[in-house]
Engineer: 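Sharing a structure, written as structure tokens. Questions coming.
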Amino acid sequence: MWRDLLETVGGAVVLALFIMTFIARAFTVDGPSMLPTLQSGEKLLIDKVTYRFRPPQRGEVVVFRYPANPKEHFIKRVIGIPGDTISIQDGMVYINGQKLEEDYLMEKTWGNMASVKVPPESVFVLGDNRNNSHDSRSPLVGFVPNRLIEGRAVWRYWPLQALRVLELPPAFAQLK
């Protein structure tokens, strides 16, 4: 009987570790940087498989290890991919000279940012709550190397009344 119990529990633990390491994991949003899209305390399912087959795309919400302290995790939206030129002028984000129409933001982005080019194997990320977000504009975050990305947020499962699949905003479909 003890052997059966040990095999069952051990098998369940190994299966859970495999799923959490290679397939998906739960993530709890902590802080206001993704408002209004995501609220602090919401629980998400993070897909860890997709980026094994393709790189992150503009508009996706990703969880990554904070470059200045890899024990911490951040959640932000991918704005620029390798080769893109990103700038912020008069509160508007420009990708390769094209204005990004972001209807999912609460307010305009403060300040300006000179053009930067996203290097290979990296992404440029911003929080949806730009004026309260520690993101690629900060030298402590900068361009996020793909190797630090844990996965993409695909599904909000808690609280139940907010249950939904996270979709790309239409603004990103219009970019060239």
Engineer: Rounded at 0.5 Å granularity, tell me how far CG in L126 sits from CD1 in I79.
Structural biologist: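 Between L126 CG and I79 CD1, I get 4.5 Å after rounding to 0.5 Å.
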Engineer: Would you mind listing the cluster partners of V63? Hydrophobic ones only (ILVMFWY), side-chain contacts under 4.5 Å, chaining allowed.
Structural biologist: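 V63 shares its hydrophobic cluster with F27, V29, M34, L38, L44, I46, V61, I75, L166.
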Engineer: Got R58 and L100 here, is their nearest side-chain heavy-atom distance under 4.5 Å?
Structural biologist: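 Not touching, per the 4.5 Å side-chain cut-off.
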Engineer: Would you please name every residue forming a salt bridge (charged side-chain N to carboxylate O under 4.0 Å, His left out) with E7, sequence neighbours left out?
Structural biologist: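 E7: salt bridge (charged side-chain N to carboxylate O under 4.0 Å, His left out) contacts with R3.
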Engineer: For the atom pair CG (D128) and OG (S33), what is the distance rounded to the nearest 0.5 Å?
Structural biologist: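 Nearest 0.5 Å value for the CG-OG distance: 8.0 Å.
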Engineer: Would you check if the side chain of N129 reaches a backbone N or O of P32 as a donor-acceptor pair within less than 3.5 Å?
Structural biologist: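 Checked: pair present.
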Engineer: For atom CG of N112, is the number of surrounding heavy atoms from other residues, nucleotides or ligands below 6.0 Å larger than 12?
Structural biologist: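 Count over threshold, so yes.
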Engineer: May I have all residue pairs that pass salt bridge (charged side-chain N to carboxylate O under 4.0 Å, His left out) and include part of residues 101-113, sequence neighbours excluded?
Structural biologist: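 The answer is K99-E101, E102-R130.
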Engineer: Could you give the distance from CG (N96) to OG (S87), rounded to the nearest 0.5 Å?
Structural biologist: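 Taking CG in N96 and OG in S87, the distance rounds to 9.5 Å.
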Engineer: Going from CG on L35 to CG on L105, what distance comes out if it is rounded to the nearest 0.5 angstrom?
Structural biologist: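 L35 CG to L105 CG: 11.5 Å, rounded to 0.5 Å.
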Engineer: Determine all donor-acceptor pairs shorter than 3.5 Å in which one atom belongs to a side chain in residues 115-122; sequence neighbours excluded.
Structural biologist:
unit_1 : atom_1 : unit_2 : atom_2 : d
S122   : OG     : P120   : O      : 3.4

Engineer: Name all residues meeting the ring-ring contact (aromatic ring centres under 6.0 Å, His included) criterion together with W155; count only those two or more places apart in sequence or in a different chain, and write none if there are none.
Structural biologist: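 Result, ring-ring contact (aromatic ring centres under 6.0 Å, His included) vs W155: Y157.
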Engineer: Can you sort out the partners of R147 under salt bridge (charged side-chain N to carboxylate O under 4.0 Å, His left out), two or more places apart, ordered by chain and number?
Structural biologist: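 Counting only residues at least two positions away or on another chain, R147 forms no salt bridge (charged side-chain N to carboxylate O under 4.0 Å, His left out).
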Engineer: Is there side-chain contact between H73 and R65, with heavy atoms separated by less than 4.5 Å?
Structural biologist: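 H73 vs R65: side chains touch.
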Engineer: Does anything in residues 153-166 form a salt bridge (charged side-chain N to carboxylate O under 4.0 Å, His left out)? List the pairs, not counting sequence neighbours.
Structural biologist: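 For residues 153-166: E42-R156.
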Engineer: V165 and L168: same hydrophobic cluster, using ILVMFWY side-chain contacts below 4.5 Å?
Structural biologist: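 Different clusters: V165 never reaches L168 through Ile, Leu, Val, Met, Phe, Trp or Tyr contacts under 4.5 Å.
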Engineer: List, by chain and number, the other hydrophobic cluster members for F74, where Ile, Leu, Val, Met, Phe, Trp and Tyr join if side-chain heavy atoms come within less than 4.5 Å, directly or indirectly.
Structural biologist: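 Besides F74, the cluster holds Y51, V62, F64, Y66, V78, I81, V123, V125, L140, V141, V144, L148, I149.
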Engineer: Under a 4.5 Å side-chain heavy-atom rule over Ile, Leu, Val, Met, Phe, Trp and Tyr, are F143 and M113 clustered together?
Structural biologist: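 The answer is yes; both residues are in one hydrophobic cluster.
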Engineer: So do K76 and S133 actually touch side chain to side chain, heavy atoms under 4.5 Å?
Structural biologist: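 Result yes, sub-4.5 Å side-chain heavy-atom pair found.
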Engineer: Minimum heavy-atom separation for I86 to V93, with atom names?
Structural biologist: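 Closest heavy-atom pair between I86 and V93: CG2-CG1, 4.4 Å.
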Engineer: Rounded to the nearest 0.5 Å, how far does OG1 of T37 lie from CD of Q39?
Structural biologist: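 One finds 9.0 Å between CD of Q39 and OG1 of T37.
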Engineer: Just jot down the side-chain hydrogen bond (donor to acceptor under 3.5 Å, both in side chains) partners of T85, sequence neighbours excluded, or say none.
Structural biologist: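 None.
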Engineer: Strictly by ring pair (Phe, Tyr, Trp, His ring centres under 6.0 Å), give each pair with a member in residues 103-125 just once, sequence neighbours left out.
Structural biologist: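 As it turns out, there is no ring pair (Phe, Tyr, Trp, His ring centres under 6.0 Å) pair with a partner in residues 103-125 once direct neighbours are skipped.
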Engineer: Under the salt bridge (charged side-chain N to carboxylate O under 4.0 Å, His left out) definition, can you give me all pairs with a residue in residues 132-143, not counting sequence neighbours?
Structural biologist: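 Only D135-R137 qualify under salt bridge (charged side-chain N to carboxylate O under 4.0 Å, His left out).
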Engineer: What distance do F172 atom CZ and I95 atom CD1 have between them, rounded to the nearest 0.5 Å?
Structural biologist: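 One finds 5.5 Å between CZ of F172 and CD1 of I95.
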Engineer: How is the hydrophobic cluster of L6 composed, in terms of its other members, when Ile, Leu, Val, Met, Phe, Trp and Tyr link through side-chain heavy atoms under 4.5 Å apart, directly or indirectly?
Structural biologist: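 Cluster partners of L6: none, it stands alone.
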